[in-house]
Each structure stands twice: as structure tokens, then as C-alpha cells.
Amino acid sequence: MSTQSYAHEVRQYTIGFIGAAALTILAYLSVKLEWYDATTTAIFVLVLAVMQFGVQVYYFLHLRGEAKPRWQSWSFVYSMAMMLIVVCGSLWVMYNLNYRMGMSGEQMEQRMLEENKKGF
Amino acid sequence: MDWSWLTGRLSADYLPQDPVTIGAAVGMPLAILAVLVAITYFKKWGYIWNEWVTTLDAKKIGIMYMGIALLMLARGGADALMLRAQTALEPLGIELFDTQTFQEVFTAHGSIMIFFVAMGAMFGLINIALPLLLGTRDVAYPFLNSVSFWLFFAGMVIINSSLVFGGFSNGGWLGYPPLTGLEYNPGPGVDYWIWALQISGIGSLLSGINFTVTILKHRAPGMTLMKMPIFAWSVLVAMVLVMLAFPVLTATLGMLALDRVAGMHFFTSDGGGNPMMYINLIWAWGHPEVYILILPAFGIFSEVVATFARKRLFGYATMVAALIGIMFLSFVVWQHHFFTMGAGANVNAFFGIMTMIIAIPTGVKLFNWIFTMYKGSIRFTAPMIWFMCFAVTFTIGGVSGVLMAVPALDFQVHNTMFLVAHFHNVIIGGVVFGYFAGIYYWWPKVFGFTLHDGIGKLAAYAWQVGFVLAFIPLYILGLMGAVRRLDSYDDPTWQPLFIVSGIGVGVIALGFALMVIGMAYSVWKRKELADTTGDPWDGRTLEWSVPSPAPFYNFAITPRVSHRDEWWERKKAGLKVPTRSDYKDIELPKNSALGVYIAVAAGLIGIGFIWHIWWLAIVALIAVVVFVIKRTFDDDTEYTISADTLYKLDKEARA
């Protein structure tokens, strides 16, 4: 590895490290010092988490400028897609199940009466 | 002084109580002892340790996988015989087992057949065939390969030792909570099941990474992805599924383990957990898993059909497209395993339609094989007979699967014998027949002599007839409402069908016996059946270009590939005899015992968790870390074979 590319590597890792650390500290402070109300804080932390994810992928996993055939990028995209399917699919299935199976007897009876009124 | 921390919850209460289990619990250790005594008597310990236990040669690891898989097939098959004997004889008043034992037996049957027979045979055949088909000397990470195998072995030992001490899980092969939760199953049976699957599951994940990298990075020069044999494609897709699906299994079983040992409440209704989440997650792994098992079998059939029809495979590109389609679709169908759990019409309809769609790429493959056979000059050898049996059986199973993809119909047959018949139809007809075809097809490449073809065909016919007898009655029973996993049924009119099914399992057992007899007979007659050419089937792909048995270095000269059916094209163009200058020095991995040590330590972690011996789990965990670090600092992992030696070895092998 040439000296120049080595220096480049070090700079990239340093930027990545500072970025990741800053995002973490920011999330911590926003909760600790109560900058916003609860809902806004949750959204703020989520946004920071997504940015954190981007920093990690970009600076540490090197998913850029990869030479063809770009296996890492493709496998990353595919894993993300499958993960989204499993996570979103599970949420969808579970909300549906909880909604329909989590009711008390009276609630279920009430709901069935309402549905029956609508007809088919 | 309280010494209970030393032995956890081990106590004599967990020794087997009923006669059947006691018989097995005494017989199994005695058999193992006999083997150990025999090894000592014949002074074979050095040979076993140096040539097998510490080997990093993919072919030998593959043979060990196959050996374990066949052994476990005998065990799981014995379980199946017991199950069907019970349901056939129970109405006559002959009670073989009590309900608890019956539950343990069907759990053992399912778990062992999937995790230790199907997975073992799959990794075995991949290890044996994949590097040879790709024209490479070894897998990408030979040491990781050894770790994978020994983790699989450790899982196998754990799940089998539960029979002797502590009892098997009674939760079914997927162990649904709340039944497998602490409240209903406080004993160690479920823990045995969890840790056997965790340890062998980690091994599978490592294998998945290993084979993916092998295919992407270690192909022979000139072999582009679209010039790979279809078997390699099917393995690539299956291994990608392994890498994505097995972490889900590990996490799910991990949460169940935390529920059981750490007082957590992921899957218990009290405390805010949700057992439905377990079922959702385990099937998010479970459905890709069935495709993980079947895809390599499809790959084997692609090679077998093209070879024995003496035609190039019909529709190579559509085959690849179908595989990649399955790679995506197999992740969007899992909810069809629990249509009846209470999800709404939208959810059920989505997953039902997706399930119907995934039948299309599978159908594409079947038509491709049929068109490959069309106008070919087919030789009906044993592997081809397995294919013919597969084509019929698997299609029936697939169609019954599409039928059950209709949620409205699934409400009728869910959890009945119909479902049992369906998945045995695709797993026996697809996975098992596929791997058996692979065994008969690649056997000469591994051992240097072919298996006796006549006995092989007889075995295939016995399996096929036995299959029909055993499972068609179950379809009928299921439609009439026979619930699965029961040891006793009230309706006496069902008994004739159960008796037919029991006879069918007996015929399947005969088929298995014929396979073993055929192997023994072929070993005895190995001189007559010897494969001197290295190419007994007039093959098409690179594994047939090397002598049989394949030498430990696979290829003396790294092949240069320019065709899909490279070996076939070379034979047509006329083979050249290599000269001395074609040979180069090669590097091969040295043997290493660390894979075994890591697996032993991993097994002890499992034992520690099962029996609540926490110090053991901690010490073993530290040991695993130490062994891994030791390996990473080991720079001297390869040895060189000089071109001269290689030239001499190759000349001898080809003589």
C-alpha cells in the first residue's frame, strides 16, 4: 500500500470515527438534557440512528468505489431488502394477529356485531 | 458447604423411566463402547486422528458428513417406524408407548431428520462435489469448514445424548412455546433441543459463508458465473439463503433460551411476551430452510439428467433465473405456515398468492429437466431412476402444496395428516431422492468404484413404493380430519389406512436396507466395480476429468474453462496429455486439530446451559475464544507440493 493511500485510509477512518462518536453523543445529550418532548426525542434519535448506519456503512464497510462485479454492494442491497421484508412483514403479521387475537371476548363480540351490520 | 453449583441440576431423577427408552439408553452407549474398543484393538486411533479428525480436505469432511447423515437417517427412520407402528397397532389394544414418549419420538424424528440428516447430507455432498465442479483445489476457508463439521457433530452428540439422560424435547420439531416454555417444560429436554440446534446452526451459518465465498472467488480461471454448472448455482442460492435465514433461527432460539434460563418473557403471555411472535420468527427461518434443502437437490438432478440423457441441460438461463427468483420469493411466504393462527384476510391472501407464485420457478425447472430428456439417449442407471421417482413424487407434493396455499382450504387441512403427507411428499420425493441420486452419482468419484446398479435401482423402487403406501393413506386420513401428532384416534374405521401406512414405512425401511446392502456388496466387489477411467458415466463437468478416487489435491493442473460442459467439450475436441512443464507447485492446507477443540468447547457451553452448570459454560466459552485467537496467530497453515512430486503422483493416479 502506498503512503498516500495509507494516509487517505487513516483520514477516512478518523472521519468515520469522529462522525460515529458525534452522532452517539448527540443522541445521548438529547435524551439526558431533554432538548425536546418525548415524541420528538424518539424521532430525533431514530434519525440519528439512520445517519449512524450510513456513516458505518460508508466509512467502515467501504461500500463505495468497489471494483466490478461489486459483490459487497449487491449482497448489502440484497440483505437490506430481505431484512426489510422480514422485519416489515413480521410487524404487519403481528399487528394483524394482535389486533384480531388480542381482543377480549366482549370486544370481539362487539366487533363481530358491527361487521355483521355492514353485510357482505 | 453447598456443592450444587458444581453439578447444576444434574440428578438421578432425569434417568429414563420407561422400558423403550431404557433399552435405547443402554444400547446406544454399549454400541459406541464397542466401536471404541474395536478402534483401540485394531490400533486405528492414529489413522482416524491424522486422516479424518484433523483433516481439512473438503472431500473427507464431506464423507464424514455423509456418514453421520446416514447414521442419523437410520435413527430417524427407526423413530418413524415406531410412530406408524403405534398408530397402526393402537386400535388393536397394543400400546407401544405412552403419550409422553410418543411426543418425544415424533419430536426426535422431525428434528433429527431435518437438522442432522437433510442438512448433513446437503453439506456432505456440497463438500464432496462443489470444489471439483468448480475446478478448484479446496473451499475458500478449509479450517472454517472443519469447524463447521465438528460443530454439526457436537450438535448431533448433544441431541442424541438427551435420550440417555434427561429425555427428549416433546415440543415438536420447531418447539412452539408456550409448550416449550419453562412453565410447561421445566426439564432439560427442550434445552437439549435448543442447544443442539444452536451449535449445529452456527456451523451451518459458517458453512454458508464458506461456500458462498468459494463460489464467488475460487472458480477455475475462465469459468464465468454463467459457465458454472447448475449445481454450483443452486448451492450459491441455497447458501445465500443460509446466510440470511440462519441468524433468524439463532436469534429466535436464543430468545427462547433466555426465556428458559434468565426468566425473560419474550414468548410467554404473562409478562408481556407473545408466543405468536415465536411462530412468526421460526417460520421466517423455516420457510427459506426448506428451499435451502431442496435447491442443492435440484442442482444434483440438473447434473444427473444432463449426464444420463447425454444432452446439454435444456434452458440453462431460465434455470438460473428460476433459482434467483426463489432466492427472493422464499422470504415472502413464511406466513402460510400459520394461516389459521388468526391473521386477517389481507395478510392470508398476500402470503397465499406469494406461495402460489413460488410454484412457478419450481415448475420451470421440472419442465427443463423433462425437455433435457426429450430426444436424449437416456441411460436408466440408479441416479436416473431416483430422478424419475422424484419427478413424479415431487410434482404430486408440489401440487398438494399449491392446494394448501389457498387459505380457505388450509383451514380444513391445517395440522392434519394431509399436511404431514404433503411435506413428506416434497421432502422425501425432493430432498431425499435428490441426495440419494447424488450419492449414487458421485460415489465412484469419492471411493473409486461404482455402487452396484441393480441393487441401487431396487432400493429406489422400494423407496418409491413404500412412499406411496405410507403417505397416500395419510392424505385421505387428513382430509377426513385425522389430526397429526396423536398417539390414539377414536375412529376405528381409520385403522385400515393406518395399517397400510405402517406397511409403507416398512417398505421404505426395506429400501434403506437395500441401499446399505448395496453399499456393503459394492465394497466387497470393489475390484469388479472399479472405475479406472475416472469418468464412469461419460460425464460433462470437471469432476470427471480427474482420476477416481479424486486425489487429495483435486486437480494436478488448474483447469482453464471455456465452456459450460467443459469436460464434454474437451472430450469431443480430443484430450491432450499434459507434459512436465504444465505442472506447478501447489499449496495445500495443513491438518489442524483446533476445529475439533473449538467444537468440543462449544458442546460444553451447551451442556453447561442445559444442566445449569454455569462455571462450565463460562470456562468453555473462554476456551472457544482462546482457540480462535490461537488459530489467527498461526501463520504456518499450508504446505507445498513441488511440481515434480505432483507430476509423479498424477502419473501414478492416471496409470
Query - Pairwise distance OG1(Thr212(B)) to CH2(Trp71(A)) - rounded to 0.5 angstrom - result: 10.5 Å
**Report entry** Side-chain donor or acceptor of Asn96(A) paired with backbone N/O of Gly344(B) under 3.5 Å
**Finding:** yes
Report task. Determine which residues belonging to residues 268-279 of chain B lie within contact range of chain A, meaning some heavy atom pair is under 4.5 Å apart, and list them by number or answer 'none'. Result -> Asn274(B), Met276(B), Met277(B)
Query raised in the report: Hey, is the main chain of Val240(B) close enough, under 3.5 Å, to the side chain of Tyr78(A) for a donor-acceptor pair?
Result: no
Requested in this report: Grab the two heavy atoms, one from Asn346(B) and one from Trp92(A), that are nearest each other, plus how far apart they are.
Outcome: O-CH2, 4.0 Å
Report task. For Met341(B), look at atom CE and say whether over 12 heavy atoms of other residues, nucleotides or ligands are found less than 6.0 Å away. Result -> yes
Query raised in the report: Between Val86(A) and Ala284(B), which heavy-atom pair has the shortest distance, and what is it?
Result: CG1-CB, 4.2 Å
Query - Glu34(A) CD: over 12 foreign heavy atoms closer than 6.0 Å - result: no
Query raised in the report: Got a sec: does the CZ of Phe60(A) have more than 12 other heavy atoms crowding it under 6.0 Å?
Result: yes
Query raised in the report: Does CZ belonging to Phe246(B) count more than 12 external heavy atoms closer than 6.0 Å?
Result: yes
Report summary line: Smallest heavy-atom separation, Leu97(A) atom then Gly342(B) atom, equals CD2-C, 3.6 Å
**Report entry** Minimal non-hydrogen separation, Trp334(B) against Ile85(A), with atom names
**Finding:** CH2-O, 3.8 Å
Query - Over 12 foreign heavy atoms within 6.0 Å of CD, Gln12(A) - result: yes
Query raised in the report: Hey, is CZ on Phe411(B) packed in by over 12 heavy atoms from elsewhere, all under 6.0 Å?
Result: yes
**Report entry** Met243(B) portion near chain A, given a 4.5 angstrom heavy-atom threshold
**Finding:** neither
Query raised in the report: Heavy-atom distance under 4.5 Å to chain A: side chain of Phe350(B), backbone, both or neither?
Result: side chain
**Report entry** Interatomic distance, Leu244(B) atom CG to Ser79(A) atom OG [nearest 0.5 angstrom]
**Finding:** 5.0 Å
**Report entry** Trp74(A) atom CH2: more than 12 heavy-atom contacts under 6.0 Å
**Finding:** no
